[in-house]
S.K.: 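The structure under discussion is supplied below as structure tokens; questions concerning it will follow.
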Amino acid sequence: MSKAIIEHISKSFQHHPLTLFSSLLVLTATFTIVAGFFVVTHNIENSFQSIGKNVQLSIYLDDSISPEDKSKLETQIKALEGFNEPIFTSKSQAAEHFKSSMSAYAPELLNEEYGNPLPASFEVALKAGVDPEDQLGLLKEASKSIESLIGVDAVSYGQDWVENYATVVRSFKVSSLLLLFVLFAGGMLIVSNSIKNSLEQRREEIEILELVGATSTEIRVPFIVEGAMIGVLSALGAVAITYLVFLSQSGLIQKELGFLGLGNGLQFLSPSKIILFSLFGLVLGALSSHLTVRNINTGWAASGAGSVNG
Amino acid sequence: MIHFSHVYKTYSGSVQALKNIDLYIDKGEFVFLTGPSGAGKSTLFKMISAFDRPCSGEVTVGEYNMNSISSSQVPFLRRKIGVVYQDFKLLKSSTVFENIALPLKVRGDGDNYIRDRVGEMLEHVGLSFKRDTFPQFLSGGEQQRVAIARALVHHPGILIADEPTGNLDPHLSEEIMDLLDKANAQGTTVFVATHDHEMVKRRNKRVVQINNGNIEKEFGGLDV
Ligand SMILES: Nc1ncnc2c1ncn2[C@@H]1O[C@H](COP(=O)(O)OP(=O)(O)O)[C@@H](O)[C@H]1O
Ligand SMILES: [Mg+2]
């Protein structure tokens with residue numbers, strides 16, 4: 001069986017090398033777009049996540065809050081899920097902070113004469129690794145539960161900014177799924193077309209195999225392996241090309257787009273993702289080939305099953 | 001061995017290729033099917049090799065009822081028969097040896113058995129010296145001998161040959177017929193379609209004559 005498959009594939013290379021190579025090229029190109037897309041997505045998500053680290057809830061306190069209420073409030077903030085430990089800033093610390101950052105622009109702003117208008121506050125940051133799409137919900141929920149507590153003046157999380165950011169992430173995900181779907185459908189058509197060609201070249205051979213009693217599985221398996229091979233080779237080729245492009249461009253991108261906060265540098269696909277991607281190519285190739293050769297019977301089955309007493 | 005009962009076959013376009021065929025061929029018989037081109041000979045053979053099925057009536061081949069056979073059983077029926085065509089149907093990119101070995105490979109025989117058995121068949125059809133040649137370098141008669149070796153290599157109970165000598169000159173035709181005769185002498189049921197009346201006369205076998213899809217006449221056989 002395995003010898004037959006090897007013979008089948010080497011014959012494919014001998015009999016229609018052009019179709020085979022053009023399918024490999026086009027599928028590799030398609031997969032390169034997909035792989036490149038994964039790399040870009042991965043890095044964008046990384047940068048979003050590092051922006052996400054700064055997403056925090058600021059809870060401003062009434063000046064008149066009693067120490068008991070304050071400690072009660074702190075316990076309640078600590079109980080919030082998905083957030084780090086709160087950091088307390090007292091009125092005077094807030095003033096110090098403000099002074100040091102603003103003194104150059106308006107040294108007279110915080111004049112002792114007017115007292116200190118800045119409130120004390122708790123700040124809690126979202127835990128790292130929270131999905132950008134879930135961040136908005138968490139912030140809203142936490143904000144609502146804290147707002148009504150005794151001693152809380154206001155709660156803020158940069159509402160507009162976070163909402164825009166969530167929308168960007170969501171629409172990016174939707175459009176990327178659409179794009180991937182189109183590319184995968186295209187990839188399947190490429191493999192299917194190549195296998196159709198292979199079938200056409202072997203009409204006679206298939207008929208002879210049927211004649212000597214080969215089962216339909218025996219006849220189909222070599223085609224499915226051929227499709228799987230096209231898929232996996234294209235996937236590996238795509239990873240190689242993407243990696244070369246990545247190597248040549250990542251330095252430049254990091255320099256030019258440093259503001260995106262790609263602190264720990266651009267990342268390529270991890271080894272496990274590369275294996276997954278190759279497996280995906282294999283499955284896509286095998287599946288589209290399977291769908292193409294599902295009905296190749298030229299003889300008895302083609303003469304119409306079930307119409308015996310017509 | 002082969003039994004047709006009230007078999008009709010109509011192709012789309014209302015061509016009645018077979019009409020009310022009743023035919024019984026016993027184990028070990030040698031039968032000629034004669035008739036002009038378009039009479040329905042190939043259609044009748046396709047019912048036996050499961051490349052087509054009747055519109056009505058019953059066909060049985062060995063233990064298989066062709067009306068109820070499932071597609072997964074068809075390959076196993078074909079492993080019990082041998083088929084020879086006018087145009088040889090050899091794999092172009094395989095050697096003589098590989099072509100003859102095909103039915104054994106398909107059913108999963110071991111390499112050693114295949115080598116010995118194919119060697120035997122090569123000797124039987126007188127082509128041992130062409131073992132590793134490709135079909136395109138063989139004469140028509142040699143190609144047909146390869147096809148016959150392939151049809152007999154797996155010891156089938158039935159050999160059907162659809163105009164096996166149609167592309168060959170009379171001398172080579174006799175050689176081919178001798179091979180079919182030999183197979184029959186070893187117990188294989190042989191069913192041969194031909195429109196070569198001279199050859200049929202010389203061979204003195206049971207003859208079934210069809211025309212326009214009907215069995216017109218039957219003679220020979222029992223009184224040989
Ligand atoms: N697949 C087919 N579709 C339509 N008509 C067919 C088909 N095969 C055979 N026929 C018709 O059936 C008749 C019998 O053909 P065939 O069995 O090939 O005759 P023979 O082998 O005796 O020359 C002919 O009229 C032929 O045109
Ligand atoms: Mg015919």
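In what follows, every chain begins at residue 1, and chains take the letters A, B, ... in the order their sequences are listed.
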S.K.: Both conditions, 6.0 Å and 45 degrees, for the charged tip of B:K9 above the ring of B:Y11: are they met here?
M.R.: yes
S.K.: So what's closer than 4.5 Å to chain B heavy atoms on A:E204: side chain, backbone, both or neither?
M.R.: side chain
S.K.: Of the backbone (N, CA, C, O) and the side chain (C-beta and beyond), which part of B:L90 lies under 4.5 Å from a heavy atom of chain A, both, or neither?
M.R.: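 For B:L90, the contact with chain A is made by the backbone alone.
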S.K.: Is there a side-chain contact between B:D22 and B:N20 in this structure, where contact means two heavy atoms from C-beta onward sitting under 4.5 Å apart?
M.R.: yes
S.K.: Start with the C-alpha distance between B:I2 and B:I48, add both sets of side-chain angles, then the distance that settles side-chain contact (heavy atoms from CB on, under 4.5 Å), and finish with yes or no.
M.R.: CA-CA 8 Å; B:I2 300 172; B:I48 300 172; 4.0 Å; yes
S.K.: Heavy-atom distance under 4.5 Å to chain A: side chain of B:S93, backbone, both or neither?
M.R.: both
S.K.: Is there a side-chain contact between B:F191 and B:F45 (heavy atoms, below 4.5 Å)?
M.R.: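 Answer yes - side chains close enough.
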S.K.: Considering only heavy atoms, which portion of B:S94 lies under 4.5 Å from any heavy atom of chain A: side chain, backbone, both, or neither?
M.R.: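 Side chain only.
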S.K.: Between A:T19 and A:S194, is the side chain to side chain donor-acceptor pair (under 3.5 Å) condition met? List the steps.
M.R.: CA-CA 6 Å; A:T19 351; A:S194 180; over 6 Å; no
S.K.: Counting only heavy atoms closer than 4.5 Å, note whether B:K80 contacts chain A via side chain, backbone, both or neither.
M.R.: neither
S.K.: Which answer fits B:Y8, side chain, backbone, both or neither, if we ask what part of it has an atom under 4.5 Å from a heavy atom of chain A?
M.R.: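 Contact with chain A: none, neither part.
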